[in-house]
Amino acid sequence: MRCPLVARAFFIILATFATGCAKAPPSFRLNLEGRNPEEISLAQYEAIDLTLTKLFGTPDEPTIPAGVDLDLEWLQAAAGPIASDADGRQRGLFRQHCVACHGISGDGAGPSAAMLTPYPRDFRNGVFKWTSTVAGAKPTRDDLDRTLRRGVPGTAMPSFMRLPDEEIESLIEYVQYLSIRGETELHLIRLVVDEDEYLPLDIDWVMDDGLLPAAESWQRVEQDPGRYLIQPPPEPPADAASIELGHRLYASKDAQCLKCHGPDGRGDGEETEIYDDWNKPKKGVTPEQTKDLAFLYTLPIQKLLARDFREGIFRGGSSPIDLYRRVDVGIPGTPMPAAGPAGGTAGVLTPTDIWHVVHYIRSLANDQ
Ligand code: HEC
Ligand code: HEC
């Protein structure tokens, strides 16, 4: 049916009342973050929606576009309504365990999201924080597996340690699916709305320039770990000398750690205007501008706090290798920069120096 958006919304509300709230199958919500919906024509909206549905199906019936290496059976177990099949296998895992926070579309704006600090991850940007991979690379399956089993300490993201292995695999597959879909969607919106591309869209073009590069970025890290995994040198002993050296490096002007984490690692540095990349555009120059921007976003602006190391709670894991990764490549999606060498440039810390800084940080937590 073709009708204007407002009429359509009215129809949906009416239909919801008529059917007692339950029947309309859930659909993916278009990613309009930061955009005024009135600036998108109905024709553009429908072109994007139709193309995405053709390629990725719906939350109840996901499909995998040609050339994308995802497992349909795993996806089907994670998608759809909560149920168990004839063999007692659980279905609808994403709705059962994740939707309250991450939302049907993986937008990080589920019904509980607004109450949480930090907000749940929006998978559609393809940016993940707690990875073992170099800057700009996707997490490995093992990274997502670790996140799911361990949860993210100090945040609402719970541990799913008790789920059977095959359910974890299904959920990882589904996170990748939502993320590839989300990146394709952003590409489509740029094409159709920002570049005003002629409709109807050429689907091969969408595949080659948007979808396949997003899908390949996930495959690449698995196929070439030598290139994409962070490779630390052997860890020196965490003795008093290493901690002392780590303290000096931490406090050095080049390293900049003090700026955000403060002189004693209490998270009280002078830099306090810190935001996740997806919160930054919500901030105008004046409070009035910030208020004006608010209606373009689903969730209100939220500041990001630099970690207080004395608490000893580390979101990406507290083992030395976890912390090495954080300091080496920085935290993707946040202003915390990489300290280690990258792409032929030296970095502010050598790989061995990073270990000393890690020992210093861990000593602050152990001091408690
Ligand atoms: C109670 C709320 C809640 C539930 C339920 C929840 N999450 Fe999360 N999740 C979060 C929050 C909050 C974060 C952000 C943590 C951060 O920024 O460090 C997050 C982050 C993540 C990340 C990103 C990790 C990274 O490296 O950036 C993944 C992946 C994830 N969740 C997957 C899932 C999956 C899959 C499920 C269901 C099995 C799930 N979550 C259930 C709240 C939740
Ligand atoms: C521009 C500000 C900034 C600078 C500079 C900075 N950090 Fe951070 N750091 C942050 C923020 C913000 C977080 C929290 C990020 C999050 O949870 O999403 C953080 C988190 C951390 C964490 C915790 C990781 C975890 O798993 O919870 C460690 C460790 C850390 N920083 C070490 C350092 C070191 C060492 C330096 C200097 C080489 C440094 N940071 C420089 C802002 C900064």
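Source: prediction; values computed, not measured. Order of appearance sets the numbers: ligands from 1, and atoms from 1 within every ligand. In what follows, every heavy atom counts, from backbone to side chain, and hydrogens, waters and symmetry copies are set aside.
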Could you pull out all donor-acceptor pairs under 3.5 Å where a side-chain atom in residues 211-225 meets a protein atom, sequence neighbours excluded?
unit_1, atom_1, unit_2, atom_2, d
S217, OG, A214, O, 2.6
E222, OE2, R141, N, 2.7

I'd like to check which ligand 1 atoms, numbered from 1 as shown, lie under 4.0 Å from a non-hydrogen atom of [X].
X    : result
F160 : 36 (C), 37 (C), 38 (C), 39 (C), 41 (C)
P118 : 12 (C), 16 (C), 17 (O)
R315 : 18 (O)
L144 : 29 (C)
Y119 : 12 (C), 14 (C)
L148 : 32 (C), 33 (C), 34 (C), 35 (C)

Identify which of [options] has a heavy atom lying nearest to [atom].
atom                    : options                : value
atom 28 (C) of ligand 1 : Y174, F128, F123       : F123
atom 43 (C) of ligand 2 : C260, A251, G340, P337 : C260
atom 25 (C) of ligand 1 : K129, Q96, M115        : K129

Taking distance alone, no hydrogens or angles, what donor-acceptor pairs closer than 3.5 Å link side-chain atoms of residues 60-70 to residues at least two apart or in another chain?
unit_1, atom_1, unit_2, atom_2, d
D60, OD1, R95, NH1, 3.1
D60, OD1, R95, NH2, 2.7
T63, OG1, L55, O, 3.2
T63, OG1, G57, N, 3.0

> Parallel under 30°, tilted from 30 to 60°, perpendicular over 60°: which one fits the rings of H247 and Y250?
Replying inline: tilted
> Aromatic rings Y177 and F56: how do their planes relate, parallel, tilted or perpendicular, breaks at 30° and 60°?
Replying inline: perpendicular
> Which of the atoms of ligand 2 are close to V327, meaning less than 4.0 Å from one of its heavy atoms?
Replying inline: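 With V327 as reference, the close atoms of ligand 2 come out as 35 (C).
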> Atoms of ligand 2 less than 4.0 Å from L304 heavy atoms?
Replying inline: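 Those qualifying, in numeric order: 12 (C), 16 (C), 18 (O).
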> Relative to ligand 2, is H261 under 4.0 angstrom through side chain, backbone, both or neither, heavy atoms considered?
Replying inline: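 Side chain only.
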>> One residue to check: R326. Relative to ligand 2, which of side chain, backbone, both or neither has a non-hydrogen atom less than 4.0 Å away?
In response: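 Side chain only.
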> What pairs with L304 under side-chain contact (heavy atoms from CB on, under 4.5 Å), at least two apart in sequence or on another chain?
Replying inline: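 So L304 forms a side-chain contact (heavy atoms from CB on, under 4.5 Å) with K129, I274, D276, T334, P335.
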> How about atom 8 (Fe) of ligand 1, which protein N, O or S atoms come within less than 2.8 Å?
Replying inline: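 Checking every protein N, O and S atom gives H102 NE2, M157 SD.
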> Identify the closest protein heavy atom to atom 11 (C) of ligand 2: which residue and atom is it, and at what distance?
Replying inline: A306 CA, 3.6 Å
> Would you say ligand 1 has an N or O under 3.5 Å from any N or O of H97?
Replying inline: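 No.
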